[in-house]
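In each ligand, atom 1 is the first atom listed, and ligand 1 is the first ligand listed.
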Amino acid sequence: MTNHKSGYVALIGRPNAGKSTLLNTILGTKLVAVSPRPQTTRNRIFGIFDREDVQIVFQDTPGLLDPKDPMHEFMVREAERALADSDIAVWLIDAIKGCTNRERVIVDHTLAAVIVPLFAAFNKIDKVNPDQLPRLQKGLEGLKLPSPPTIFYISALQGDGVPALLEQIIARLPAGPKFYPSDQLSDRTQRFFVEEIIREKAFLLLREEIPYSLAVQVEEMKESESGLFSIRAALHVERDSQKGIVVGHRGAVIKQIGIDARREIETLLNAKVFLDLWVKVSEHWRKREGHLREFGYLEK
Ligand code: GDP
Ligand code: MG
């Protein structure tokens, strides 16, 4: 089609800035996992926005952080890979916190090499007094960037400012064809999203270091002739002491994770689902190459 535009857009920023929330809002559907816990997103995930005149491959990414273990190192590589593949980079900043020193050290370091157009979007403005906006903008002064970023103020959660951001992204995209069929929403499989849904529901119920230590793996996914999906998934924890917490008193916690996850998986698959969850100890998986690869947290 003539005048058709397309390109890759990286959504990057500190953990919890709202990158995944923004992707879901732009797509108008719950695609990627969101939670108040930091480091909910662990992989680069494509979310494909398609319109007659444009296709944008948004890349959701793990938050930029100072890596403390091999799992973190993978997460940072995923974010850097997204940046390297992008036509535009959208840097999300939590407007409640502003451009903090940690943000300056880590993001400034990563963004200094970015040559594509950079949009800086202050997110969560629904929680910020409008008279604070000039102060936020001032916080971006003095950063070592190839060119000054274009600034936006948005609420990824409520949608304010998102259409304007989207239109500016489209305005800066090059002419090009669709990369994916119009009805394709992501590069990831159903199985991947089943795992992400279970992990998200667990993140919402568990606290402290448990979410951090949790990995979910679908071990079996079968569709019967009547259209019922039978799914068995393991929740891997790092230490024996964490197992009981995830199971809960008389199995109450894992049962609740199952109830919450099943509801959403049924929407995803548009089918009835039988979900069987169990907890397994995979000692220190965040540091073990074999486990990381098995869980999809290492490049193939
Ligand atoms: P990510 O780590 O950058 O992907 O952040 P998430 O999208 O997972 O969001 C982290 C937390 O911030 C979640 O609890 C979201 O509901 C919340 N959040 C995201 N965007 C907004 C927003 O615009 N306003 C408010 N109030 N909360 C938001
Ligand atoms: Mg995320």
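Ring pair F295/H291 is parallel by interplanar angle, where below 30° counts as parallel and above 60° as perpendicular.
When each of R288, K287, R286 is tested with D69 by the rule salt bridge (Lys or Arg N to Asp or Glu O under 4.0 Å), just one qualifies, namely R286.
For the residue pair E78 / T61, no side-chain donor-acceptor distance below 3.5 Å is found, with atom types taken as modelled. No side-chain N or O of W285 forms a donor-acceptor pair with one of E294 less than 3.5 Å apart.
Distance check for T41 against the Mg ion (ligand 2): an N/O/S atom falls below 2.8 Å. Residue S20: an N/O/S atom is found under 2.8 Å from the Mg ion (ligand 2).
Residue A33 has no nitrogen or oxygen atom sitting less than 3.5 Å from a nitrogen or oxygen atom of ligand 1, judged on distance alone. Checked against a 3.5 angstrom limit, the closest N/O atoms of P15 and ligand 1 fall outside it. Below 3.5 Å of separation, one finds no N or O of D60 facing any N or O of ligand 1. Ligand 1 has no nitrogen or oxygen under 3.5 angstrom from a nitrogen or oxygen of I154. Considering backbone and side-chain atoms alike, I125 places every N or O at 3.5 Å or more from each N or O of ligand 1.
A centroid separation of less than 6.0 Å is found between the aromatic rings of Y212 and H72. Ring centers of F152 and F119: under 6.0 Å apart, within the cut-off. Residues F179 and Y8 bring their aromatic ring centres within 6.0 Å.
Taking a 6.0 Å sphere around CG of N129, one finds it holds more than 12 heavy atoms contributed by other residues, nucleotides or ligands.
Atom 5 (O) of ligand 1 has G18 N, 3.1 Å as its closest protein atom, hydrogens excluded (heavy atom only). The nearest protein atom to atom 26 (N) of ligand 1, hydrogens excluded, is given as D126 OD2, 2.8 Å; this is a heavy-atom distance. For atom 18 (N) of ligand 1, the closest non-hydrogen atom of the protein is K124 CE, 3.7 Å. From the protein, the heavy atom lying nearest to atom 6 (P) of ligand 1 is T21 OG1, 3.6 Å.
Looking at T40 against ligand 1, nothing comes within 4.0 Å, counting heavy atoms. Only the side chain of K127 comes within 4.0 Å of ligand 1, judged by heavy-atom distances. Looking at N123 against ligand 1, only its side chain comes within 4.0 Å, counting heavy atoms.
Within the cation-pi definition used here (under 6.0 Å to the ring centroid, within 45° of the axis), R188 qualifies as a partner of F192. In this structure, R44 fails the cation-pi test against F46, since its NZ or CZ atom is not both closer than 6.0 Å to the six-membered ring centre and inside 45 degrees of the ring normal.
For ligand 1 and S20, the ligand atoms under 4.0 Å from any heavy atom of the residue are 4 (O), 7 (O).
Residues E103 and K97 are not paired through a salt bridge, judged by the lack of any N-O separation under 4.0 Å between the basic side chain and the carboxylate.
Ligand 1 lies within reach of A17, whose nearest heavy atom is under 4.0 Å from it.
With atom 8 (O) of ligand 1 as the reference point, the heavy atom nearest to it among G161, S35, P36 is part of S35. Among D160, L64, L157, the residue whose heavy atom sits closest to atom 16 (O) of ligand 1 is L157.
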